[in-house]
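Letters go in sequence order (proteins before strands), and every chain restarts at 1. Because the structure is predicted, anything quoted here is derived from the model rather than measured.
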There are 2 protein chains.
Amino acid sequence: MNRKIGIAMHGGAGTILKSQMNPEKEAMYTDALKEAVLAGEAILLKNGLAVDAVEAVVRKLEDNPLFNAGKGSVFTHDGKNEMDASIMDGKTLKAGAVTGVTHVRNPVNLARAVMDHTEHVFLSGSGAVDFARAMGIPLETDEYFYVQYRYDQLKRARESDTIVLDHTAIKDIDEKKFGTVGAVALDVFGNVAAATSTGGMTNKKHGRIGDSPIIGAGTYANNKTCAISCTGHGEFFIRSVVAYDISCLMEYKGLTLKEACNYVVKDKLKKLGGEGGLIAIDTHGNIEMPFNTEGMYRASKHGEDELVTGIY
Amino acid sequence: MNRKIGIAMHGGAGTILKSQMNPEKEAMYTDALKEAVLAGEAILLKNGLAVDAVEAVVRKLEDNPLFNAGKGSVFTHDGKNEMDASIMDGKTLKAGAVTGVTHVRNPVNLARAVMDHTEHVFLSGSGAVDFARAMGIPLETDEYFYVQYRYDQLKRARESDTIVLDHTAIKDIDEKKFGTVGAVALDVFGNVAAATSTGGMTNKKHGRIGDSPIIGAGTYANNKTCAISCTGHGEFFIRSVVAYDISCLMEYKGLTLKEACNYVVKDKLKKLGGEGGLIAIDTHGNIEMPFNTEGMYRASKHGEDELVTGIY
């Protein structure tokens, strides 16, 4: 119970060019990051569980249209918002995940309900939304998810026939950003947990699923090692089973969290061509937030240390 | 090129009671297993690729109504056949997977097309079926997938309100069977590959996704280590990231294929409560087919060795 708590979060990685950022926008992002981390820390400070803290952080980010998750989700080719989310508790190794859900205000809450109230791990599509309805999880109208600049992105992506992981190749600060949000936490009991949520790719077709809802790829937590949430070019993260790889490098090869994170993100993923990053916390409270892109929206807080935020 | 080829396959694990099997049924299963393995071996003997061999084996099993995949897929709660499949090439670490697809005659071929002809790894639902149509992959009518005893299983499952992974708790030989098919292979070039396909759970609801289409959980292949295809209670296999775990135990901890397979299936999974089994081949041609259930339909062939089949 005298263990130091810790929490870290990301709001997506990618090409975030300082030259195209302005102080107002930067402040908006930084404030959002801080607010989310503090929401999670508040739970941990009251001896709350890591799994509750990561859920609260991701929920905050899902409610903020700045990030590609929940309200700010990008549009599919058909003009829909199809969202994915997952959560894992390192204490029990229980997990919940959803993919291709529409109208669910907070997909991370639905993933949590799958974990807590079903024998399943992974539900999809309209069946998952039916489950949300049955559980009384808030649904929203299309209007709630209609964010003008997201729709404009879709129109431009459709015109150029590109499928992009967050934003189409437009000269704005979000160019080539892999929009996903996620959190990892360590509670006073020594439990770690991770959660990830995403609105997917602008103009995506064919019900594409990325790494965010895949336990082992985008999200993983285990009290033996660490908790991980990823953001990036999902296909590479799936093929590399990134989140579990970091846990295995620690458990089986004896690497530190830092060594494992750097090896996976800056060596293995890079060699395969996989752009992105991740946030990680181990059971000692060490936090790593590596990325191999221009930037990654991120923030962390460990024990009494200062709150840290970063973009580039 | 003087390397010995090898191939192994499974047709599901579970409670397969000898007392409830009769010689005719046993012969039907054994013949089907042999036929599938020989289809894969024929490709490998002509210096074909491991990835082509596993696709051919799984395709054979999908076409056989004895197994819960393709034609023999079980029915969902809504009386539909929703299928999942995945494939991975250990040489390139490329992978393809589909979930919740209807009407596709051979989901493993669709997974292969995702791997070969898209930038994606994982497609779902009607979007994946649209992609199948665009690729000219054969679709079938509902009648093709209508297998009377599968529908009877659904009716009984609905009546008892149980969701079962293959068959409902009926006193027949398939009681508590985890119906999935899969194959792993090693070609003369030293490449390994794995493929898995399933019709899911009888009476399943909410678009549940199991481990079969999840790269790292139900399927994994890497020329550094081995190729794996799993069958069992999918939720536990997802939470344990079973297929990649075996690869990591070999790569990072130096375990042999046999040691890694036994540790994961008979120790780790069992402690978590996860029933099932898997087939595995390493780059030396060692084959393992461990399971922690009463039985697993399985067969293998290595080099000049005799073809091996097993049920219990």
Anything under 3.5 Å between a donor and an acceptor, one on a side chain of residues 122-132 of chain B, the other on a protein residue two or more places apart or in another chain? List them.
| unit_1 | atom_1 | unit_2 | atom_2 | d |
| --- | --- | --- | --- | --- |
| B:Ser124 | OG | A:Gly207 | O | 2.6 |
| B:Asp130 | OD1 | B:Arg133 | NH1 | 3.1 |

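Looking at B:Asp211, neither its backbone nor its side chain comes within 4.5 Å of chain A, counting heavy atoms on both sides. For A:Ser240, the part lying near chain B is the backbone, with the side chain staying farther off; criterion is any non-hydrogen pair under 4.5 Å. Neither the backbone nor the side chain of B:Phe236 comes within less than 4.5 Å of any heavy atom in chain A. Interface residue B:Leu249: backbone and side-chain heavy atoms are both found under 4.5 Å from chain A. Contacts between A:Ile214 and chain B at a heavy-atom distance below 4.5 Å involve the side chain alone, from C-beta outward.
Residues of residues 259-268 of chain B placed with any heavy atom under 4.5 Å of a heavy atom in chain A are listed by number as B:Lys268. Within residues 89-100 of chain B, the residues having any heavy atom less than 4.5 Å from a heavy atom of chain A are, in residue-number order, B:Thr92, B:Leu93, B:Lys94, B:Ala95, B:Thr99.
For A:His120 against B:Glu235, the heavy-atom pair with the smallest separation is ND1-OE2, 2.8 Å. Closest approach of A:Asp245 to B:Cys248, counting heavy atoms only: OD1-SG, 4.1 Å.
Contact tally against chain A (heavy-atom pairs below 4.5 Å) for B:Ile209, B:Thr118, B:Val121: the top residue is B:Ile209.
By the salt bridge (charged side-chain N to carboxylate O under 4.0 Å, His left out) test, A:Lys253 is found to be paired with no residue, residues two or more places apart in sequence or in another chain being considered.
With rounding to the nearest 0.5 angstrom, the NE2 atom of B:His233 is 6.5 Å from the CD atom of A:Glu119.
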